[in-house]
Amino acid sequence: MPPRIFISYRRSDNQTMTDRIHDWLRRGLGEGAIFKDIDNIPPGRDFRGVLREATAQCSVMLVVIGKGWVDATDKNGNRRLDNPNDFVRIEIETGLQRDGIVVIPLLIDGADMPSDTQLPDSLKELAYKNAFVIHGDPIFKHDMATSVSYTHLTLPTNREV
């Protein structure tokens with residue numbers, strides 16, 4: 001069964017919160033239901049193809065956006081989103097181009113939703129997706145349960161995660 005939720009994120013933009021989101025979803029939906037690059041790309045596989053395949057199969061894409069997401073730069077100081085080969089950009093482009101996929105921006109760490117002027121043309125549609133804010137404790141679980149309710153996926157009840 002292909003993963004139902006694809007988590008798109010920047011490792012440099014609060015890996016801890018992304019891991020927490022992933023773990024919460026995995027406990028509720030099962031290991032195979034969530035795709036997160038570091039956990040789901042086998043050694044020796046071309047990660048570009050694996051990312052494209054996973055984004056093509058999922059029904060929900062969660063785009064985790066922290067304060068450094070828009071302006072993240074590569075080792076040469078170039079903004080990563082401006083690079084057509086940037087993996088986060090490729091993931092989101094694929095999700096936005098697919099019919100029937102729900103793309104939900106998750107704002108963490110007090111990040112603001114990027115405006116369309118901050119995004120390359122191929123990602124401008126992301127600026128018009130209604131974002132959901134994920135807070136830390138004490139309301140993390142409530143935020144996650146509410147955000148998942150918009151995906152139309154069902155979680156088991158009485159979960160302690």
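FYI, the numbering just counts along the sequence from 1.
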Fill in the blank from the handout: Scanning both residues in full, the closest heavy-atom pair of Pro120 with Arg79 reads CD-NH2, 4.0 Å
Exercise for the section: Give the C-alpha distance, both sets of side-chain angles, the deciding distance and a yes or no for side-chain contact (heavy atoms from CB on, under 4.5 Å) between Val64 and Trp69. Expected result: CA-CA 8 Å; Val64 180; Trp69 187 87; over 6 Å; no
Exercise for the section: Kindly say whether Asp116 contributes a backbone atom to a donor-acceptor pair with the side chain of Lys124 at under 3.5 angstrom? Expected result: yes
Exercise for the section: Rounded to the nearest 0.5 Å, what's the gap from CG on Asn83 to CG on Asn78? Could you check? Expected result: 8.0 Å
Practice task
Tell me, with the steps shown, if Glu53 and Arg45 meet side-chain contact (heavy atoms from CB on, under 4.5 Å).
Solution key: CA-CA 12 Å; Glu53 183 179 306; Arg45 291 282 312 269; 4.1 Å; yes
Problem - Side-chain heavy atoms of Ile65 within contact of Pro114, under 4.5 Å - result: yes
Handout entry: Donor-acceptor contact present, side-chain Ser59 to main-chain Arg4, <3.5 Å
Key = yes
Practice task
Give a yes-or-no answer on whether the side chains of Glu91 and Thr55 include a donor-acceptor pair shorter than 3.5 Å.
Solution key: no
Handout entry: Leu106 and Ser147, any side-chain heavy atoms less than 4.5 Å apart
Key = yes
Completion exercise
d(Leu123 CG, Asp82 CG) to nearest 0.5 Å is 9.5 Å
Problem - Straight-line distance of Asp143 CG to Phe132 CZ, nearest 0.5 Å - result: 5.0 Å
Handout entry: Audit row: Lys67, Asp112, salt bridge (charged side-chain N to carboxylate O under 4.0 Å, His left out) steps and yes/no
Key = CA-CA 7 Å; Lys67 288 183 178 181; Asp112 293 321; over 6 Å; no
Handout entry: Lys/Arg N to Asp/Glu carboxylate O, Asp86 vs Arg80, below 4.0 Å
Key = yes
Problem - Between NE2 on residue His135 and CG on residue Asp109, distance to nearest 0.5 Å - result: 10.5 Å
Handout entry: side-chain contact (heavy atoms from CB on, under 4.5 Å) evaluation trace for Val63 with Ile104
Key = CA-CA 6 Å; Val63 180; Ile104 302 174; over 6 Å; no
Exercise for the section: May I ask you to test the Phe35-Gln57 pair for a side-chain heavy-atom distance under 4.5 Å? Expected result: no
Practice task
Determine yes or no for a side-chain-to-main-chain donor-acceptor pair under 3.5 angstrom, with Gln97 supplying the side chain and Thr94 the backbone.
Solution key: no
Exercise for the section: Would you indicate whether the side-chain heavy atoms of Tyr9 and Lys36 approach each other to under 4.5 Å? Expected result: yes
Exercise for the section: Please assess Leu126 against Met113 for the test side-chain contact (heavy atoms from CB on, under 4.5 Å), listing each intermediate value before the final yes or no. Expected result: CA-CA 9 Å; Leu126 181 66; Met113 187 63 190; 4.1 Å; yes
Practice task
Determine whether more than 12 heavy atoms belonging to other residues, nucleotides or ligands lie under 6.0 Å from atom CG of Asp99.
Solution key: no
Exercise for the section: With the side chain counted from C-beta on, respond yes when Asp23 and Leu25 share a heavy-atom pair under 4.5 Å apart, and no when they do not. Expected result: no
Handout entry: Cationic N near anionic O, under 4.0 Å, Arg20 to Asp137
Key = yes
Practice task
Any chance you could measure Phe6, atom CZ, to Ile92, atom CD1, to the nearest 0.5 Å?
Solution key: 9.0 Å
Fill in the blank from the handout: In this structure, CD1 of Ile134 is separated from CE of Met144 (nearest 0.5 Å) by 5.0 Å
Exercise for the section: May I ask you to test the Glu93-Pro84 pair for a side-chain heavy-atom distance under 4.5 Å? Expected result: no
